[in-house]
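Sharing a structure here in structure tokens format.
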Amino acid sequence: MNFKVKNDTFLRALLRQPTEYTPLWMMRQAGRYLPEYCATRKRAGSFLNLCKSPDMATEVTLQPLDRFPLDAAILFSDILTIPDAMGLGLYFAEGEGPKFERPLRTEAEIKALAVPDIASTLGYVTDAVSQIRKSLDGRVPLIGFTGSPWTLACYMVEGGSSDDYAKVKTLMYKEPALMHHILSVTADTVIQYLNAQIEAGAQAVMIFDSWGGALSHAAYHEFSLAYMQRILAGVTKEKDGVRIPSIVFTKGGGLWIESIANSGCDAVGLDWTMDIGIARQKVGHKVALQGNLDPTVLFSTPEVIHNEVEKILASYGFGSGHVFNLGHGISQFTNPDNAGALVAAVHELSRKYH
């Protein structure tokens, strides 16, 4: 396998090493806004088939890189592969998003939850990682990822997505010991899962804590951040003599940026509500920052995109340690030309800051 990365700007930025420009990738960069993705997804027959076929997962992972000069690839998969491997029965209802056939509702179901065998239940993910890594042939680094234990638990208890997280938060307040059991088993699973991805060729890893922002200050630290810290302590930090950086992204987590920066990660992902310059002042030289353009900006014009990119770059200021990204996933309704305008603007405008 090729260990040399031709463009390692992304990895250097995560480790706060000097770069010639600010690297970027986009959350959900392989997705429905690309006609070529929609064509492959149609061929797959379903979203789950697409995730579970290493060939097709490789194909869609590479599509945005063939179209735009992005600085990183991210494994095409879904955060809900873990609860599926734990036996909850993931399925996608047309137009309704992910659902579970067997959500965790009773004490007996929760206590029966166990770490699955990663090789037999999630081998299709690690197969995809090694195939993507091989196909990239060192073009750019490959990011592996997972959902955070709290975010996964939200789906596992609610049985799908939720507006208010009433079931999972009620469990957390009424039966904290049961909630901690879910989170503990899930954290142990995530550690094994990320390490299997790194073993298969992932060169950086990211934890998506999509629903951490739904928690109170105290609950966030106890039920979300503590388990991400445990994962960061258990995840492989180096492979073949090369550092494997880690990114933590809590949507709505700007209030807790200092705590996240102290969690053991190399970089903190920001949503668009936080000014990146203020974030940089708060975390100093502890971590790199990733973000944080509002994805809705991509519905505007190339001129507006150019101006909004300049604002974020100027706010971050001079020096390295910034990976440009959106503050959340790119919308399926985005014009691909505008995504291209974003990539061009970041690459062009950021050079003067390095």
Side-chain angles (χ1 to χ4, degrees), residues 1 48 51-54 57-58 61 74-90 98 100 102 104 109-133 141-157 178-212 223-250 263-267:
M1 188 177 279
L48 266 183
C51 288
K52 292 188 176 185
S53 157
T58 300
T61 298
I74 182 164
L75 157 73
F76 181 81
S77 186
D78 193 272
I79 62 168
L80 299 180
T81 52
I82 285 182
D84 190 42
M86 288 171 155
L88 274 68
L90 176 64
F100 286 104
R102 296 173 288 281
L104 301 175
E109 287 165 349
I110 290 169
K111 288 191 165 160
L113 197 67
V115 176
D117 176 66
I118 303 292
S120 61
T121 58
L122 292 163
Y124 64 90
V125 177
T126 48
D127 288 350
V129 171
S130 36
Q131 198 171 322
I132 295 161
R133 178 73 192 274
L142 174 61
I143 307 165
F145 72 93
T146 178
S148 70
W150 165 255
T151 294
L152 296 173
C154 286
Y155 287 99
M156 290 155 77
V157 174
L178 288 180
M179 192 71 225
H180 280 301
H181 179 72
I182 297 173
L183 295 168
S184 182
V185 173
T186 305
D188 290 346
T189 305
V190 165
I191 291 168
Q192 290 189 28
Y193 183 51
L194 287 180
N195 286 343
Q197 290 184 37
I198 292 166
E199 194 50 46
Q203 291 151 291
V205 290
M206 178 154 167
I207 303 173
F208 285 92
D209 185 31
S210 313
W211 307 127
F223 293 96
S224 185
L225 190 61
Y227 289 95
M228 292 196 284
Q229 255 170 310
R230 185 158 133 190
I231 291 160
L232 292 162
V235 82
T236 305
K237 307 282 185 303
E238 198 177 281
K239 181 165 189 283
D240 304 315
V242 179
R243 274 288 310 279
I244 309 287
S246 55
I247 310 162
V248 168
F249 173 64
T250 294
S263 66
C265 62
D266 294 292

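The residues of the chain are indexed from 1 along the displayed sequence. Remember, predicted model here, so these are calculated numbers, not experimental data.
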Task: Minimum heavy-atom distance between A202 and V129, given as atom pair plus value - done: N-CG1, 3.6 Å
Open item on the list: Just verifying a value: how many Å separate L183 CG and M156 CE, rounded to the nearest 0.5 Å?
Closed with: 8.5 Å
- [ ] Please identify each residue that fulfils side-chain hydrogen bond (donor to acceptor under 3.5 Å, both in side chains) with D127, with sequence neighbours left out.
- [x] none
Open item on the list: Using side-chain heavy atoms (C-beta onward) and a distance below 4.5 Å, is V190 in contact with L194?
Closed with: yes
Task: Counterpart residues, salt bridge (Lys or Arg N to Asp or Glu O under 4.0 Å), relative to D78 (two or more places apart) - done: none
TODO: Please name all residues satisfying side-chain contact (heavy atoms from CB on, under 4.5 Å) with A128, sequence neighbours left out, ordered by chain then number.
DONE: P54, A57, L75, I132
- [ ] Give the minimum heavy-atom separation between Y124 and C51, together with the two atoms involved.
- [x] CD1-O, 3.4 Å
- [ ] Would you sort out whether L80 and L152 count as a side-chain contact (heavy atoms from CB on, under 4.5 Å), showing the intermediate values?
- [x] CA-CA 7 Å; L80 299 180; L152 296 173; 4.1 Å; yes
Open item on the list: Once side-chain hydrogen bond (donor to acceptor under 3.5 Å, both in side chains) is applied, do any residues pair with Q131, and if so which ones, sequence neighbours excluded?
Closed with: D55
TODO: Looking only at non-hydrogen atoms, find the nearest pair between C265 and V248 and report the distance.
DONE: CB-CG2, 3.8 Å
- [ ] Give every residue pair that meets the salt bridge (Lys or Arg N to Asp or Glu O under 4.0 Å) criterion with at least one member in residues 181-192, sequence neighbours excluded.
- [x] D188-R230
Task: With F208 via ring pair (Phe, Tyr, Trp, His ring centres under 6.0 Å) - residues at least two apart - done: F145
Task: Partners passing side-chain hydrogen bond (donor to acceptor under 3.5 Å, both in side chains) against H181 (at least two apart in sequence or in another chain) - done: none
Task: Results of side-chain hydrogen bond (donor to acceptor under 3.5 Å, both in side chains) for T81 - residues two or more places apart only - done: Y193
Open item on the list: If we ignore hydrogens and angles and just use 3.5 Å, is the side chain of T61 paired with the main-chain N or O of F76 as donor and acceptor?
Closed with: yes
Task: K239 side-chain N/O to K237 backbone N/O, donor-acceptor pair under 3.5 Å - done: no
Task: Heavy-atom side-chain proximity of S246 to I207 below 4.5 angstrom - done: no
Open item on the list: Restricting to ring pair (Phe, Tyr, Trp, His ring centres under 6.0 Å), what partner residues turn up for F223, sequence neighbours left out?
Closed with: H180
Task: Chi angles and distances behind the side-chain contact (heavy atoms from CB on, under 4.5 Å) call for M86, I82 - done: CA-CA 6 Å; M86 288 171 155; I82 285 182; 4.2 Å; yes
Open item on the list: Whether the side chain of R133 engages the backbone of L142 through a donor-acceptor N/O pair (distance < 3.5 Å, no angle test) should be reported.
Closed with: no
Open item on the list: I'd like to check the salt bridge (Lys or Arg N to Asp or Glu O under 4.0 Å) partners of D266; sequence neighbours left out, ordered by chain and number.
Closed with: R243
- [ ] State which residues pass salt bridge (Lys or Arg N to Asp or Glu O under 4.0 Å) with K111; sequence neighbours excluded, sorted by chain then number.
- [x] E107
Task: Nearest non-hydrogen partners of E109 and L104, listed with the distance - done: OE1-C, 3.7 Å
Task: Beyond-backbone contact of T186 with I231, side-chain heavy atoms, under 4.5 angstrom - done: no
- [ ] Report the residues that fulfil side-chain contact (heavy atoms from CB on, under 4.5 Å) with T151, sequence neighbours left out, ordered by chain and then residue number.
- [x] I79, S148, Y155, D209, S210, W211
